[in-house]
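Step one of this worksheet: look at the structure below.
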2 protein chains.
Amino acid sequence: MTQVPSVGPKAGRREPYVSARPARATGKDRAYVRAAAPTLEAVAARAGVSRATVSRVVNGSPKVHPDSREAVRQAIAELGYVPNRAARSLVSQQSHAIALVVPEDITRFLGDVYFASIVAGITSRLEQSDYVLSLMVASQAPEGKMLRYLAGGAVDGVVVVSHHTSNHSLRQISELMPMVFGGRSAIPGVDAYVVDVNNVDGAAKATQRLIDRGCTNIATISGPLSMHSSLDRVEGWRRSLHDAGLMPGPVVDGDYSMLGGARAMREVLANYPEVDGVFVASDLMTSGAMPVVLERGLRIPEDIALVGYDDSPAVEACEIPLTTVRQPSEEMGREMADILLGVLSGDTDRPRTTIMPTTLIVRESA
Amino acid sequence: MTQVPSVGPKAGRREPYVSARPARATGKDRAYVRAAAPTLEAVAARAGVSRATVSRVVNGSPKVHPDSREAVRQAIAELGYVPNRAARSLVSQQSHAIALVVPEDITRFLGDVYFASIVAGITSRLEQSDYVLSLMVASQAPEGKMLRYLAGGAVDGVVVVSHHTSNHSLRQISELMPMVFGGRSAIPGVDAYVVDVNNVDGAAKATQRLIDRGCTNIATISGPLSMHSSLDRVEGWRRSLHDAGLMPGPVVDGDYSMLGGARAMREVLANYPEVDGVFVASDLMTSGAMPVVLERGLRIPEDIALVGYDDSPAVEACEIPLTTVRQPSEEMGREMADILLGVLSGDTDRPRTTIMPTTLIVRESA
DNA sequence: TTGTACGCGTTATCAT
DNA sequence: ATGATAACGCGTACAA
């Protein structure tokens, strides 16, 4: 679509618009004002055609004479013309921007490679479109700034990766524009697309690996049981065990942290000495749990086999190469963006929910 | 400034604008179209005043009769009116948005808590303004989409935290609008504000700590010497040593990674057995180096004292609580945003470069 | 204090 | 194929 030449360094002199320094503050305490950019009008004048024609070549309309087109192309290049976004949005009623809603605790969110990958996926998909991404932190006052911003027509759609945003504001947003959730399940009453990963299945695969290598006393170190993902992983673990006719070992909450993982492992060892396999619901927890096992003089995987989850950089912190479950986080992000873009371009029959598959990565710990 | 009521759930019926479902795709394969939002015009009609008056109360002009103001407030609330951003930008020539330029390797970037904190700081400052943040990945084609976007008037200013963006495009951007760098030094030829942390001083403090506790054979494990920050930290280390009249030990590149840290520590131990103190230029490297020391049966800090850098979550991975240097990353982000906002509001005499101080966090490893 | 009218830069609908 | 011309929604001199 829209094909406009790039703003090359030798964009040439901007005839009537030039100003010594391209931008400066006025004498008064007026706000900073940037140099006037060349407009359609200017290009038209230079090319000796009308604004309409320029608009046509900018938007790739087929019905324009090659000669005119060439003249316009020239003028655009010489002037370094770039369409004004605001004007375009105003008339087209589209901002060509989408918002990424993240939890208020943005540091923790961004610092987590899982989420970072999702964001990367989103941006990577967006890169090959002419949409841009705008960051919205679900602050204390979500009813306020964020809603006003979204309602102001600043974006055409929303992707939310936050787990914490209030259902209330989400519902309002979903009534305003298309919305897609990532890494969380649907919320009743909120009209949104959902892209999630199959936590149950991932956990089941991990547990099955333990079963396959002969473990019979299998425990799990879970995340906080208040989180959906934790629950699903416990569920998957339980399912594989059940299908194999095995008795489930203990479930210990490891808080999705390294220290928590270590603590949980100690607890497992203390209360369930016969343990010979553990499904640890995150690599980070595993990196804390593994040393505990090793310190006891137990061998991995011979005495106790360990399977992690995430295939995150935390695996590097493990002395024994970790068998783990990879989540397609970047693909998720890409899919989220793709869905939104699709809907925005009029594709009405996208599936409401997309479940992405996990992959078992076999290394040495199990 | 602009004070507009929030879009409450009971924003009331949008009289002439209502549509059953707030948004839907048209029959044709036209793009998704959202419901028409109430305009200034509508509010004016309902309040029985002119558009101009509504505009005045929306923008908090003092010269409007209390009665009118009240009537307008009413109407705005009832209609759930929110100013259209595009229209506003078009006339005011300001987008009230700023761009965050990040390196192409966005996963690595966002996954790093240091950068995540900076971003958090930026958003936190922006939250108390009416500016929004737009994410720009410095992709392979920086000359292309990004430049066009920025030149299109989509943002009023730019903050760049990337280390890799080409000087070329940066220069062009800096000619277009105000720009502030974070965590990197100024680039000749590029007109930008700089907010950086004093790496030299931080490293000097860390090393001084080692000196103060009696170490005399002090090595350093550095980051890649191609990076400015690495060089600065080595410089700080060297400076403290020099000031204390001590001979510098070896400098070993640990690649800013955990494995690299371990490898580097082994090298130090092998080639410099008399070592009794090491300044490790990142916590992550330290978390790799510490086990190496411990495995040798050496005590920390009695036999070898260790000081890290960053005060990152990686410190948790250290068995001995790590003495380290804290960087004010979130404050940096806030400062960056603050500077940009200041400049945009006409504040011409901000210092071109701001150096933020580091803090030594003393724990047990030194 | 309030309203009228014009302009911001584009797109799109008409004629031509 | 091309060119007037009318929106798009808002801010703001200027007039009243």
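Per chain, numbering begins at 1; letters A, B, ... match sequence-line order.
- Residues that satisfy the ring-ring contact (aromatic ring centres under 6.0 Å, His included) test with Y131(A), not counting sequence neighbours, are H96(A).
- Under the salt bridge (Lys or Arg N to Asp or Glu O under 4.0 Å) criterion, R51(B) pairs with E41(B), sequence neighbours left out.
- N84(A) has no side-chain polar atom (N or O) that falls below the 4.0 Å cut-off from OP1 or OP2 of dC8(C).
- Residues meeting the ring-ring contact (aromatic ring centres under 6.0 Å, His included) test with F181(A), sequence neighbours left out: none.
- Looking at heavy-atom distances under 4.0 Å, V64(B) makes contact with sugar-phosphate atoms alone, never a base.
- At a threshold of 4.0 angstrom between heavy atoms, the contacts of S89(B) with the nucleic acid are absent.
- Not one side-chain nitrogen or oxygen of T53(A) sits closer than 4.0 Å to the OP1 or OP2 atom of dT2(D).
- Contact annotation for L40(B): backbone-only contact, meaning every heavy-atom pair under 4.0 Å involves sugar-phosphate atoms and none involves a base.
- Under a 4.0 Å N-O distance rule, the pair D338(B)/R350(B) qualifies as a salt bridge.
- When the C1' atoms of four end pairs are superposed on the next four at each end of the helix from dT1(C)-dA16(D) to dT16(C)-dA1(D), using five pairs per end, the two resulting axes differ in direction by 40°, to 10°.
- For Q74(A), the side chain to side chain contact (heavy atoms under 4.5 Å, CB included) partners at least two apart in sequence or on another chain are E70(A), E78(A).
- Residues forming a side chain to side chain donor-acceptor pair (under 3.5 Å) with T354(A) (at least two apart in sequence, or on another chain): none.
- Take the nearest nucleotide of DNA chain C for G48(B) and for V91(B): the residue whose nucleotide is more 5' is G48(B).
- What separates CZ of R85(B) from C1' of dC8(C) is a distance of 17 Å, to the nearest Å.
- If you find the closest nucleotide of DNA chain D to L90(B) and to A52(B), the one lying nearer the 5' end belongs to L90(B).
- The residue among Q93(B) and H65(B) whose nearest nucleotide of DNA chain C is located toward the 5' end is H65(B).
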